[in-house]
Chemist: 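After the structure tokens below, expect a handful of questions from me.
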Amino acid sequence: MKKTIIIISIILALVIAGIIAASFYFYNVAVQRAEKDFLNSDPNLAVSTPKTLQTEAKKWAKAVSFEEVEITSYDNLTLAGYYLPAEKETNQTVIIAHGYSGRATGMFAYAKYYHEVLGYNVLMPDARGHGKSEGDYIGFGWHERKDYAQWIDYVIERNGDKSEIALHGVSMGSATVMMTSGEELPEQVKAVIADCGYTSALDILSYQMGEMYGLPSFPLIQSTSMLTKLRAGYSFEEASALEQIKKTSLPIFFIHGEDDTFVPVEMVYELYEAANGEKELYIVPGAEHGNAYDANPETYEKRVTEFLNQYMN
């Protein structure tokens, strides 16, 4: 009997040690600031960007003058952004949020649309842990929501109390603006465009555990979440766009690619149902993750313009 207890204890200790080691591995892969090469290893995991539009937009970006701007986050990180005033003075500004492992300069196609078509001022922040912003971890939108609330304050301070602000995010940027919407925001924020966002960090990481490793989420996602709470100050469970949008009455335009294999399209239906304010849903046929705009630029711009025209005076 004593020998059996010893053997069981050894096995349990090995299992626990294995879970702890795996948690550190998954933290380093998913949360720690680093190049995410795994995103390019499997076409089903690739986070797409508007390739055709981005090529044209890069040429456009060289011809305009983005100003590099900075703010200090609530936890004393220097956060970088790029600001482009409208050609004609306006109170209307869009804050554009990029995706996981991306950077603000990858969003030139969206900036070009807002600047050239709608005549808005444009602000494109680098999320913490990305681009030129400080930070050694990725918050999956949770800590970033407070950063974007500060970027909103920056716009109001810069452009005045009559500012009208739209938030437009793609992928993790979409989750970020949805999470931001659940905070107590100033009245100058008028609308949210949420393109291919996930319901929560827990949901998307659990889904990707199956896609990448063929493993069930339990117990590794839960143990990695505990490690993330200790090292980065948040858990996957609390980083929920779904719960945040239940708190807001802001109008939200949900967009999702029908063929998205990175963030399953089922998530957008759950998000749409949970939203309490004015809302619209646009499922883009044939679009994969992050390329709804590129898949049908004319319809994308038309739908976004019509939506914003209802709320941006």
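Since this is a predicted model, take the numbers as computed values, not measurements.
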Chemist: With a 4.5 Å cut-off on side-chain heavy atoms, are Ser217 and Leu205 touching?
Modeler: no

Chemist: Can you tell me if CD on Glu89 sees more than 12 non-hydrogen neighbours from other groups inside 6.0 Å?
Modeler: no

Chemist: Where do Tyr113 and Thr305 land on the side chain to side chain donor-acceptor pair (under 3.5 Å) test, with the steps shown first?
Modeler: CA-CA 10 Å; Tyr113 156 67; Thr305 299; 2.7 Å; yes

Chemist: Between Phe307 and Tyr282, does a side chain to side chain contact (heavy atoms under 4.5 Å, CB included) hold up when you go through it step by step?
Modeler: CA-CA 11 Å; Phe307 182 82; Tyr282 174 35; over 6 Å; no

Chemist: If you draw a 6.0 Å radius around CD in Glu278, do more than 12 non-hydrogen atoms from other residues or ligands fall strictly inside?
Modeler: no

Chemist: Determine whether a donor-acceptor pair (N or O, by modelled atom type, separation under 3.5 Å) exists between the side chain of Glu273 and the backbone of Glu270.
Modeler: no

Chemist: Scan side-chain atoms only and decide if Ser171 and His289 contain a donor-acceptor pair under the 3.5 Å cut-off.
Modeler: yes

Chemist: Could you tell me how the ring of Phe140 sits relative to the ring of Phe236: parallel (under 30°), tilted (30 to 60°) or perpendicular (over 60°)?
Modeler: perpendicular

Chemist: Looking at Glu183 and Lys247, is any side-chain nitrogen of the basic one under 4.0 Å from a carboxylate oxygen of the acidic one?
Modeler: no

Chemist: Starting from Tyr207, can I reach Met209 by hopping between I/L/V/M/F/W/Y residues whose side chains sit under 4.5 Å apart?
Modeler: yes

Chemist: Which atoms form the tightest heavy-atom contact between Ser23 and Leu227, and what is the distance?
Modeler: O-CD2, 3.6 Å

Chemist: Return yes when atom NZ of Lys302 has more than 12 non-hydrogen atoms of other residues, nucleotides or ligands closer than 6.0 Å, and no otherwise.
Modeler: no

Chemist: Looking at Ile156, Asn91, Ile152, Asn159, which one forms a side chain to side chain contact (heavy atoms under 4.5 Å, CB included) with Gln188?
Modeler: Ile156

Chemist: Between Lys59 and Glu56, is there a side-chain N and carboxylate O pair less than 4.0 Å apart?
Modeler: no

Chemist: So Glu238 and Glu243, side chain to side chain contact (heavy atoms under 4.5 Å, CB included) or not? Walk me through it.
Modeler: CA-CA 9 Å; Glu238 65 187 312; Glu243 293 305 314; over 6 Å; no

Chemist: Taking atom CD of Gln150 as the centre, does the number of heavy atoms from other residues, nucleotides or ligands within less than 6.0 Å exceed 12?
Modeler: yes

Chemist: Hey, what do you get for CH2 (Trp151) to CG (Leu79), rounding to the nearest 0.5 Å?
Modeler: 6.5 Å

Chemist: Indicate yes or no for a side-chain donor-acceptor contact from His98 to the backbone of Ala127 under 3.5 Å, with no hydrogens or angles considered.
Modeler: yes

Chemist: Got a salt bridge between Asp75 and Arg128, using NZ or NE/NH1/NH2 to carboxylate O under 4.0 Å?
Modeler: yes

Chemist: Before we go on, tell me: are the rings of Tyr100 and Phe262 under 6.0 Å apart, centre to centre?
Modeler: no

Chemist: Starting from Met172, can I reach Ile95 by hopping between I/L/V/M/F/W/Y residues whose side chains sit under 4.5 Å apart?
Modeler: no

Chemist: Aromatic ring centroids of Phe66 and Phe108 under 6.0 Å?
Modeler: yes

Chemist: Looking just at side-chain N and O atoms, do Tyr234 and Ser225 make a donor-acceptor pair shorter than 3.5 Å?
Modeler: no

Chemist: Is the centre of the Tyr120 ring less than 6.0 Å from the centre of the His115 ring?
Modeler: no

Chemist: Is a side-chain donor or acceptor of Ser223 paired with a backbone partner of Leu220 at a separation under 3.5 angstrom?
Modeler: yes

Chemist: Measure from NZ or CZ of Arg158 to the centre of the six-membered ring of Tyr83 and say whether it is under 6.0 Å with the direction within 45° of the ring axis.
Modeler: yes

Chemist: Assess the pair Tyr269 and His256: is the distance between their ring centroids shorter than 6.0 Å?
Modeler: no

Chemist: Kindly say whether Phe24 contributes a backbone atom to a donor-acceptor pair with the side chain of Asn28 at under 3.5 angstrom?
Modeler: yes

Chemist: How about His168 and Phe253: are their ring centroids closer than 6.0 Å?
Modeler: no

Chemist: Looking at Lys132 and Glu68, is there a salt bridge between them, counting it only when a charged N and a carboxylate O are closer than 4.0 Å?
Modeler: yes

Chemist: Whether the side chain of Glu237 engages the backbone of Ser235 through a donor-acceptor N/O pair (distance < 3.5 Å, no angle test) should be reported.
Modeler: no

Chemist: In this structure, which one of Asn121, Leu167, Val122, Ile193 forms a side chain to side chain contact (heavy atoms under 4.5 Å, CB included) with Val94?
Modeler: Val122

Chemist: Please tell me whether Ser206 and Asp203 have a donor and an acceptor in their side chains that are separated by less than 3.5 angstrom.
Modeler: no

Chemist: Can we say Glu134 and Arg33 salt-bridge, meaning some charged N sits less than 4.0 Å from an Asp/Glu carboxylate O?
Modeler: no

Chemist: Set out, in order, the CA-CA distance, both residues' side-chain angles and the distance that settles side chain to side chain contact (heavy atoms under 4.5 Å, CB included) for Ile252 and Val177, then state yes or no.
Modeler: CA-CA 10 Å; Ile252 304 177; Val177 297; over 6 Å; no

Chemist: Is the Lys NZ or Arg CZ of Lys146 less than 6.0 Å from the centre of Tyr74's six-membered ring, within 45° of the axis?
Modeler: yes

Chemist: Would you say the side-chain atoms of Tyr213 and Gln208 include a donor-acceptor pair closer than 3.5 Å?
Modeler: no

Chemist: Short question: side chain of Glu306, backbone of Glu301 - any donor-acceptor pair under 3.5 Å?
Modeler: no

